[in-house]
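Positions are given from 1 along the sequence.
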Amino acid sequence: YMPPVDLVQMFLDLAQKHGMKFFFGNYTGGYYVTGDYQREIDINKRVGEEAWARYGSHPAFYGWYLTQEVGRLMWNIIDVLVEIGQFYKELSGGKPALISPYLEGIKLVNAFSAELTGNPTRVTVEQHVKEWDEIMAAIRPVIDIVAFQDGQCDYDELPDFLHTNKELTDRHGLTCWTNCESFDRDMPIKFLPIKWEKMLLKLKAAERAGITDAITFEFSHFMSPNSCYPAAGHLYHRYLEYRAGM
């Protein structure tokens, strides 16, 4: 069905108005998770072609966000990222590409359960290094920015993962951002806006690791004054107060 508003055009126009860079997020069908990774690739080539034809000439169109998430070396992720990333690079004349993987940590549990921890496939920092070293070595010709999500491990483990992520991206000539989750994984209700002190703790840990840029998932639900959660607006104002006092 045709939506009443072209949201991509709206976001591009707003990005241009406010001097921001827009990364176009591609389609996640989940086919790469179930084994049909070539279908994931083929659909996203068509999505990329249409997006570039419609919006590629817009001044704010800065790059691509490949939304295929992974925490470790599995699901043919190298083939998926390399083939889609290479196609987008050639299509757009080398526009930068961003990915935002997760950490295969203790808090990566079913979002539809009340469990808070217990991921049976959690990895050590050493295993994380081994597998992501292999992934990054393969994807570095077509991926420019890696923004690991920061909420799936315990707070005492996070500094080690953040330092490791920065060292890995530096080794492979990639740019390291942090994706600071603005929702709380420590409550059985999935999900509520995170407490400001927890968010600050994570941002400070990233800063100590040498990471200078951060994005968040997900502003509109968990941090916007226009969210259905009143706590989201409070989180936004605490963040602005902190920034004003820096």
Side-chain angles (χ1 to χ4, degrees), residues 21 23 25-26 28 32-33 37 40-41 44 62-89 94-108 119-182 185 198-218:
K21 297 172 181 176
F23 286 79
N26 70 348
T28 299
Y32 69 107
V33 176
Y37 72 95
E40 188 88 11
I41 293 169
N44 273 292
Y62 185 78
W64 306 90
Y65 167 39
L66 277 63
T67 58
Q68 284 68 37
E69 294 182 11
V70 71
R72 59 185 306 183
L73 186 58
M74 55 186 177
W75 300 331
N76 296 92
I77 193 61
I78 288 177
D79 296 312
V80 171
L81 294 179
V82 168
E83 192 163 344
I84 297 175
Q86 181 64 39
F87 184 82
Y88 288 174
K89 286 280 186 186
K95 293 278 188 186
L98 160 73
I99 60 170
S100 188
Y102 53 84
L103 301 173
E104 192 74 39
I106 193 171
K107 292 184 182 180
L108 189 66
N119 176 17
T121 62
R122 63 181 293 199
V123 298
T124 63
V125 173
E126 292 73 22
Q127 187 65 23
H128 178 80
V129 170
K130 181 177 182 295
E131 297 190 21
W132 276 97
D133 191 43
E134 183 174 344
I135 295 171
M136 290 186 190
I139 67 174
R140 62 187 180 188
V142 297
I143 301 296
D144 303 273
I145 303 162
V146 182
F148 276 97
Q149 303 163 32
D150 70 357
Q152 302 90 349
C153 66
D154 239 334
Y155 295 107
D156 62 332
E157 301 174 299
L158 183 59
D160 289 337
F161 277 107
L162 289 167
H163 277 92
T164 292
N165 294 338
K166 184 66 165 66
E167 290 169 359
L168 282 166
T169 51
D170 286 351
R171 181 185 308 166
H172 293 287
L174 299 167
T175 298
C176 186
W177 292 356
T178 188
N179 186 345
C180 186
E181 291 183 347
S182 43
R185 291 182 181 268
K198 293 179 181 180
M199 191 176 196
L200 180 61
L201 184 151
K202 296 193 296 180
L203 289 170
K204 287 290 189 181
E207 185 179 39
R208 287 192 295 272
I211 300 171
T212 58
D213 293 277
I215 57 176
T216 188
F217 186 87
E218 189 240 14

* Evaluate the criterion side-chain contact (heavy atoms from CB on, under 4.5 Å) for residue pair Ile99 and Ile139; output intermediate values, then yes/no. => CA-CA 10 Å; Ile99 60 170; Ile139 67 174; 3.8 Å; yes
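- Asp79 contributes atom CG, which lies 10.5 Å from atom CD1 of Ile84 (distance to the nearest 0.5 angstrom).
- Side-chain contact between Pro101 and Val146 is present, with heavy atoms from C-beta onward closer than 4.5 Å.
- No donor-acceptor pair closer than 3.5 Å links the side chain of Asp133 to the backbone N or O of Leu168.
- Nearest approach of Ala147 to Asn179, heavy atoms of both residues: O-CB, 3.7 Å.
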* To do: Might you work through the side-chain contact (heavy atoms from CB on, under 4.5 Å) test for Tyr88 and Asn44, ending with a clear yes or no?
  => CA-CA 9 Å; Tyr88 288 174; Asn44 273 292; 3.6 Å; yes
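- At least one donor-acceptor pair closer than 3.5 Å links the side chain of Asp150 to the backbone N or O of Glu181.
- Between atom CG of residue Leu73 and atom CD of residue Glu104 there is a gap of 12.0 Å, rounded to the nearest 0.5 Å.
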* Stepwise side-chain contact (heavy atoms from CB on, under 4.5 Å) check, Ile106 with Glu157 -> CA-CA 10 Å; Ile106 193 171; Glu157 301 174 299; 4.0 Å; yes
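- Remark: side-chain polar atoms of Thr164 are not paired, donor with acceptor, to backbone N or O of Val129 under 3.5 angstrom.
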* Asked: Given the rule in the side-chain hydrogen bond (donor to acceptor under 3.5 Å, both in side chains) test, do Glu69 and Gln149 qualify, once you have shown the distances and angles that lead to the verdict?
  -> CA-CA 10 Å; Glu69 294 182 11; Gln149 303 163 32; 3.2 Å; yes
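- Atom-to-atom distance recorded for Lys204:NZ and Leu158:CG is 14.5 Å, nearest 0.5 angstrom.
- Note that NE2 of His163 is 8.5 Å distant from CD1 of Ile211, once rounded to the nearest 0.5 Å.
- Applying the side-chain contact (heavy atoms from CB on, under 4.5 Å) test between Lys202 and each of Pro159, Cys180, Ser182 identifies Cys180 as the sole match.
- Here Gln86 contributes atom CD and Leu81 contributes atom CG; the two are 12.5 Å apart, rounded to the nearest 0.5 Å.
- Within a 6.0 Å radius of CZ in Phe87, other residues, nucleotides and ligands contribute more than 12 heavy atoms.
- For the residue pair Leu162 and Ala206, the shortest heavy atom distance occurs at CD1-N, 3.5 Å.
- The shortest heavy-atom contact between Val142 and Gly85 is CB-C, 3.7 Å.
- For the ring-ring contact (aromatic ring centres under 6.0 Å, His included) with Phe148, the lone residue among Trp132, Phe217, Trp177, Phe161 that qualifies is Trp132.
- Using a distance-only test at 3.5 Å, with no hydrogens or angles considered, no donor-acceptor pair links the side chain of Thr178 to the main chain of Ala214.
- Counting non-hydrogen atoms of neighbouring residues, nucleotides and ligands closer than 6.0 angstrom, the CD atom of Gln127 exceeds 12 such neighbours.
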* Carefully, step by step, assess Ile77 and Tyr32 under the rule side-chain contact (heavy atoms from CB on, under 4.5 Å). => CA-CA 8 Å; Ile77 193 61; Tyr32 69 107; 4.2 Å; yes
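- Closest approach of Trp64 to Phe23, counting heavy atoms only: O-CD2, 3.5 Å.
- Considering only heavy atoms from C-beta on, Asn76 stays 4.5 Å or farther from Glu40 through its side chain.
- Side-chain contact check for Arg122 versus Leu108: every heavy-atom pair is 4.5 Å or farther apart.
- Put simply, the side chain of Lys95 never gets that close to the backbone of Lys89: no donor and acceptor are under 3.5 Å apart.
- Here Lys107 pairs with Thr117, Asp154, Tyr155, Arg185, Asp186 under the side-chain contact (heavy atoms from CB on, under 4.5 Å) rule; sequence neighbours left out.
- Note that NE2 of His128 and CG of Leu103 are 5.5 Å apart. Values are rounded to the nearest 0.5 Å.
- Without hydrogens or angle criteria, Asn119 side chain to Gly105 main chain gives a donor-acceptor distance under 3.5 Å.
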